[in-house]
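One structure below.
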Protein chains: 2
Amino acid sequence: MEYDAYIQTCPTRMVLDRLADKWAVLVLGRLDDKPVRFNQLKREIDGISQKVLSQVLKKLERDGLVSRAVFATVPVTVEYAITPLGRTLSATVDALRRWAEDNIETVLAAQQKYDRAAV
Amino acid sequence: MEYDAYIQTCPTRMVLDRLADKWAVLVLGRLDDKPVRFNQLKREIDGISQKVLSQVLKKLERDGLVSRAVFATVPVTVEYAITPLGRTLSATVDALRRWAEDNIETVLAAQQKYDRAAV
DNA sequence: CGGGATCCGATCTGATACTG
DNA sequence: CAGTATCAGATCGGATCCCG
């Protein structure tokens, strides 16, 4: 209720709120290569429901990170593509991806140590 | 149920799941300067409840991103600090922060355009 | 001071069904 | 094909009370 207003005052929080949706990151990553259609995205992103995918795409489009193109074929074809703005964000997220891959071992080790101590 | 098992196979998803918690990022950012005590954190991070703060700190500690030091004062003092590992992640997140600040105008403009069109 | 335990309403999700 | 609408279940988050 007041959070929406508050969020506008903090850009970082806003962007993080978007990325907080892990699906958004996966969708963006998937679109980074080339435009993809709705059901193809659904098939390629393991575990996402069509409802959530549709919601995520709408948010990404609203933020100007993804574009939506409709082709008047029968049946209709809709292609989602990453925008130049989306691409710059994607590049930034890549740094995070690298961090994750580089440090996953360390994190997993820390978790195991923590869990053993907690018993 | 099976998601926990799945997540282990994808480092990026795991790290994103941690950062997906917007509070985690805020806590990490706040600890980046210097160690802080529990209630001080609660006061400084606007809007967080003590329950959520406690949960977030536990997760960050489990991941080895934050350390917890207890001092036997009366009453007891607990100080949370960022670890070297946490610091490297924090640096990566900073890139995201910069992207957010640099592009917030563009994103807000896109949102307004989208909302006008949707009417 | 630094939390844990509990209750409870708000939110999110998945599954299913339907449409242009 | 590309979605929207709906409903029931799971999860989350805040508020409150309590303890060492």
Side-chain angles (χ1 to χ4, degrees), chain A residues 1-7 13 16-27 30-31 35-62 66-81 114 117-119, chain B residues 1-7 13 16-27 30-31 35-62 66-81 114 117-119:
Chain A
M1 312 307 168
E2 63 170 74
Y3 181 69
D4 282 347
Y6 177 57
I7 218 176
R13 204 178 271 226
L16 282 172
D17 255 36
R18 174 65 49 255
L19 296 179
D21 208 331
K22 64 175 174 301
W23 296 120
V25 178
L26 291 174
V27 169
R30 189 59 203 75
L31 292 180
V36 185
R37 291 191 292 162
F38 187 89
N39 277 335
Q40 196 179 343
L41 267 177
K42 184 171 176 322
R43 257 176 271 121
E44 291 183 8
I45 300 179
D46 192 42
I48 197 169
S49 72
Q50 124 273 40
K51 174 172 147 187
V52 171
L53 176 57
S54 139
Q55 287 171 348
V56 166
L57 284 171
K58 230 178 274 183
K59 286 180 190 169
L60 289 174
E61 191 195 351
R62 190 172 108 96
V66 158
S67 65
R68 180 175 181 273
V70 183
F71 300 98
T73 52
V74 178
V76 67
T77 301
V78 179
E79 214 170 64
Y80 290 90
Y114 182 92
V119 178
Chain B
M1 310 305 165
E2 62 172 74
Y3 182 71
D4 283 347
Y6 177 57
I7 217 175
R13 203 178 274 226
L16 282 172
D17 255 37
R18 174 66 48 254
L19 296 179
D21 209 332
K22 65 175 175 300
W23 296 120
V25 177
L26 291 173
V27 169
R30 189 60 203 75
L31 291 180
V36 185
R37 290 192 294 162
F38 188 88
N39 278 334
Q40 196 179 344
L41 268 178
K42 183 172 176 323
R43 257 175 271 119
E44 291 183 6
I45 300 179
D46 191 43
I48 197 168
S49 71
Q50 135 269 38
K51 176 174 152 187
V52 171
L53 176 56
S54 137
Q55 287 171 348
V56 167
L57 285 171
K58 230 178 275 182
K59 286 180 191 170
L60 289 174
E61 190 196 351
R62 190 173 106 96
V66 157
S67 65
R68 180 175 181 274
V70 183
F71 299 98
T73 52
V74 178
V76 67
T77 300
V78 179
E79 213 170 65
Y80 290 92
Y114 181 93
V119 178

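Quick note on labels: first sequence line is chain A, next is B, and so on, each numbered from 1. Just the heavy atoms: all of them, side chains too, but no hydrogens, waters or symmetry mates, feed the values below.
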Handout entry: Phosphate OP1/OP2 of dG2(C) contacted by Ser54(B) side-chain N/O (<4.0 Å)
Key = no

Problem - Contact check, side chains of Arg18(B) and Leu60(B), non-hydrogen atoms, under 4.5 Å - result: yes

Completion exercise
Heavy-atom closest pair (Arg37(A) atom, Thr77(A) atom, distance to 0.1 Å) is CD-CG2, 3.1 Å

Exercise for the section: May I have the distance from Gln40(B) (atom CD) to dC1(C) (atom P), rounded to whole angstrom? Expected result: 11 Å

Practice task
Rounded to the nearest angstrom, tell me the gap between atom NZ in Lys51(A) and atom P in dT13(C).
Solution key: 8 Å

Problem - Gap between atoms CZ and P, on Arg37(A) and dC1(D) respectively (whole Å) - result: 7 Å

Problem - d(CG, Asn39(B); C1', dG4(C)) in whole Å - result: 14 Å

Completion exercise
In terms of heavy-atom contacts, Val76(A) and Phe71(A) come closest through CG2-O, 3.3 Å

Problem - Nearest-0.5 Å distance, CZ of residue Arg43(B) to CZ of residue Phe38(B) - result: 11.0 Å

Fill in the blank from the handout: To the nearest angstrom, the CG-P distance between Asp17(A) and dG13(D) comes to 11 Å

Completion exercise
Whole-Å distance, Glu79(B) CD to dC1(C) C1', equals 13 Å

Handout entry: Spacing of Leu31(B) atom CG and Glu79(B) atom CD [to the nearest 0.5 Å]
Key = 10.0 Å

Exercise for the section: Assign Tyr80(A) to base, sugar-phosphate, or nothing according to its heavy-atom contacts below 4.0 angstrom with the strands shown. Expected result: sugar-phosphate

Practice task
Would you indicate which nucleotide in dC1(C), dC1(D), dG4(C) comes nearest to any side-chain atom of Val76(B)?
Solution key: dC1(C)

Practice task
Starting from P on dA2(D), measure out to CD on Glu61(A) and report it in whole angstrom.
Solution key: 14 Å

Practice task
Check whether any side-chain N or O of Arg43(B) sits under 4.0 Å from OP1 or OP2 of dG2(C), and answer yes or no.
Solution key: no

Handout entry: Touch class at under 4.0 angstrom, heavy-atom based, for Lys58(B) against every strand present
Key = sugar-phosphate

Exercise for the section: Would you mind reading off the distance between Lys42(B) atom NZ and dT16(D) atom P, rounded to a whole angstrom? Expected result: 12 Å

Handout entry: Phosphate OP1/OP2 of dG3(C): any Arg68(B) side-chain N/O under 4.0 Å
Key = yes

Exercise for the section: With the side chain of Gln55(A) defined as its heavy atoms from C-beta on, choose the nearest nucleotide among dT13(C), dG3(D), dG2(C). Expected result: dT13(C)

Handout entry: Donor-acceptor pair under 3.5 Å, Gln50(A) side chain vs dT4(D) base
Key = yes

